[in-house]
There are 2 protein chains.
Amino acid sequence: MNAEKVPDIIIGRLPVYLRALQRLSERGIQTTSSQELGEIVGISAAQIRKDISQFGEFGKQGTGYAIPFLIERLRDIMNVNKVWDVVIVGMGDMGHALARYNGFSERGFRVSMVFDNDPQKIGQKVGELEIYDIASMTEKLKQNKIRIAMLTVPATSAQEMADQLIKAGVKAILNYAPISLNVPSGVRVQYIDPVTHLQRMTYYLD
Amino acid sequence: MNAEKVPDIIIGRLPVYLRALQRLSERGIQTTSSQELGEIVGISAAQIRKDISQFGEFGKQGTGYAIPFLIERLRDIMNVNKVWDVVIVGMGDMGHALARYNGFSERGFRVSMVFDNDPQKIGQKVGELEIYDIASMTEKLKQNKIRIAMLTVPATSAQEMADQLIKAGVKAILNYAPISLNVPSGVRVQYIDPVTHLQRMTYYLD
DNA sequence: TAGATTGTTAATCGATTAACAATC
DNA sequence: TAGATTGTTAATCGATTAACAATC
């Protein structure tokens with residue numbers, strides 16, 4: 001699709017554009033401009049045009065972008081024009097909250113399995129899902145060709161769990177444990193740690 | 001403290017350094033080098049030295065950085081050498097999970113109040129905390145001089161709640177709602193949306 | 001047609017890396 | 001002393017912005 005390699009920093013902005021476009025679409029709006037979209041997401045119009053133009057000519061001079069069309073293109077580009085099965089490892093409070101979150105399905109993801117190693121939890125239900133034993137995880141992930149996992153275990157076992165996930169074929173980890181993971185190239189990690197996010201802001205507070 | 005304005009991208013890496021240093025410290029390690037720290041967090045040694053040197057000369061040639069000392073300096077710089085009171089707005093699953101998370105206190109934050117507008121929830125307890133009515137939020141935030149909030153309400157009411165928080169004096173918002181917030185300059189926002197994080201990775205999956 | 005807005009180029013700005021003297 | 005590693009400079013690399021011809 002794209003001859004040149006697109007910088008990761010641009011890839012990181014696409015989901016934000018998509019999210020904003022979907023909100024506009026929900027409100028019945030059919031068209032937008034780089035100017036308008038930029039004001040919504042807090043990014044310059046020039047940058048938005050440049051980002052989008054990496055992938056094709058999706059706009060029209062004079063009128064801007066057709067929202068449903070641009071949404072489809074972005075979903076294609078990001079590979080979310082299908083539903084990805086994801087698993088959750090660690091059924092503490094955070095794992096439970098994610099398992100019950102209903103914002104995944106409408107945006108391309110489905111929580112298909114959840115795991116824990118606590119005998120008290122194994123076999124319990126979280127919504128529709130039964131909590132499986134981590135001991136059976138490698139096998140189940142391979143069987144179901146799972147590529148994406150969310151990691152919500154304590155920091156002390158996060159690296160070990162990540163290693164297991166990777167051995168089982170996982171290529172993308174959303175890590176909620178407050179620790180930097182060591183992973184081989186070819187495996188992607190995104191970090192969600194509320195404390196680092198908060199600390200990034202307190203620098204600016206007196 | 002620092003004459004030159006430090007780029008925000010550097011500020012964003014400091015919490016990651018701090019987190020790694022604290023893990024080393026827990027393991028009883030007293031000293032580290034830019035090389036070693038870089039391998040842990042996945043950042044080049046040169047960049048780590050450059051980032052740290054923005055704020056002073058905290059290392060020693062030949063031996064590296066004294067971990068407890070560097071931790072103290074970073075905590076000073078980031079303003080987390082004291083405990084910040086934070087509030088949570090929206091007591092759904094995510095709000096509950098955050099309210100019960102015990103990783104805040106040891107890293108400079110304390111959840112001091114939680115709010116919801118559901119009569120069923122108001123007055124209930126979450127751990128030690130009573131859920132307060134959002135109607136009383138402005139008043140309570142002003143009384144307690146709250147500067148930081150975590151926003152875990154549905155996307156549809158997130159902007160409205162953010163506006164209220166800002167009116168009440170909040171200067172930093174950690175936004176869990178899947179929507180870009182519009183805020184005046186002087187107010188900081190950090191975004192946590194598992195779906196955008198996942199979408200950022202699916203681009204690279206086949 | 002007149003007005004609006006794209007896609008793209010060139011210029012600017014900023015961030016990262018490589019290299020090394022200083023020094024513990 | 002010899003080896004290790006910092007702090008910093010200069011070079012490189014990459015990202016953002018400004019500007020505008022093209023065109024709807």
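Per chain, numbering begins at 1; letters A, B, ... match sequence-line order. Note that these values count all heavy atoms, side chains included, but never hydrogens, waters or copies made by symmetry.
- Side chain of T202(B) to main chain of L205(B): no donor-acceptor pair is present (N/O by atom type, distance under 3.5 Å, no hydrogens or angles).
- A salt bridge links D193(B) and R107(A); the closest N-O separation between the charged side-chain nitrogens and carboxylate oxygens is under 4.0 Å.
- For dG7(D), the OP1/OP2 oxygens have a side-chain nitrogen or oxygen of Y65(B) closer than 4.0 Å.
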Could you tabulate the donor-acceptor pairs under 3.5 Å formed by side-chain atoms of residues 62-69 of chain B, not counting sequence neighbours?
none

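- Distance, F55(A) CZ to dT8(C) C1': 16 Å, rounded to whole Å.
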Can you pull every protein N or O that's under 3.5 Å from an N or O on nucleotides 20-22 of chain D?
none

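- Nearer the 5' end of DNA chain D, as judged by each residue's closest nucleotide, is the contact made by G64(B), out of T63(A) and G64(B).
- Residues from residues 17-37 of chain B that place a heavy atom under 4.0 Å from any atom of DNA chain C: there are none.
- With T196(B) contributing its side chain and P15(A) its backbone, the two residues share no donor-acceptor pair below 3.5 Å.
- Residues from residues 180-191 of chain A that place a heavy atom under 4.0 Å from any atom of DNA chain D: there are none.
- With sequence neighbours left out, R27(B) forms a salt bridge (charged side-chain N to carboxylate O under 4.0 Å, His left out) with no residue at all.
- Here side-chain hydrogen bond (donor to acceptor under 3.5 Å, both in side chains) pairs that include residues 86-95 of chain A, with residues two or more places apart or in two chains, are D93(A)-R100(B).
- The interatomic distance linking R73(B) (CZ) with dG7(D) (P) rounds to 14 Å, in whole Å.
- A 6.0 Å sphere centred on CD of E128(B) holds no more than 12 heavy atoms belonging to other residues, nucleotides or ligands.
- Below 30°, between 30° and 60°, or above 60°: for Y132(A) and F115(A) the angle between ring planes is between 30° and 60°, a tilted geometry.
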Check residues 173-190 of chain B and write down every donor-acceptor pair under 3.5 Å in which the side-chain atom is one partner and the other belongs to a residue at least two apart or another chain.
unit_1, atom_1, unit_2, atom_2, d
N175(B), OD1, A177(B), N, 2.9
N175(B), ND2, A177(B), O, 3.1
N175(B), ND2, I179(B), O, 3.0

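- Residues R200(B) and D8(A) are paired through a salt bridge, judged by an N-O separation under 4.0 Å between the basic side chain and the carboxylate.
- Remark: DNA chain C forms stems of 3 or more consecutive Watson-Crick or G-U wobble pairs, all pair distances under 3.5 Å, at C:3-24 with D:3-24.
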For this session: Treat primed atoms plus P, OP1 and OP2 as sugar-phosphate and everything else as base, then score nucleotides 11-16 of chain C 5' to 3': B for base contact with protein heavy atoms under 4.0 Å, S for sugar-phosphate contact only, - for none.
Result: ----SB
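- Side chain of T138(A) to main chain of A168(A): no donor-acceptor pair is present (N/O by atom type, distance under 3.5 Å, no hydrogens or angles).
- Shown here are the salt bridge (charged side-chain N to carboxylate O under 4.0 Å, His left out) partners of R49(B), two or more places apart in sequence or in another chain: there are none.
- The salt bridge (Lys or Arg N to Asp or Glu O under 4.0 Å) pairs that include a residue from residues 150-174 of chain B number zero, where partners must be two or more places apart or lie in different chains.
- Between the P atom of dG7(D) and the CD atom of Q54(B) lies a distance of 12 Å, rounded to the nearest Å.
- Aromatic pair F104(B)/Y101(B): centroids less than 6.0 angstrom apart.
- Among residues two or more places apart in sequence or in another chain, the side-chain hydrogen bond (donor to acceptor under 3.5 Å, both in side chains) test is passed with R75(B) by N81(B).
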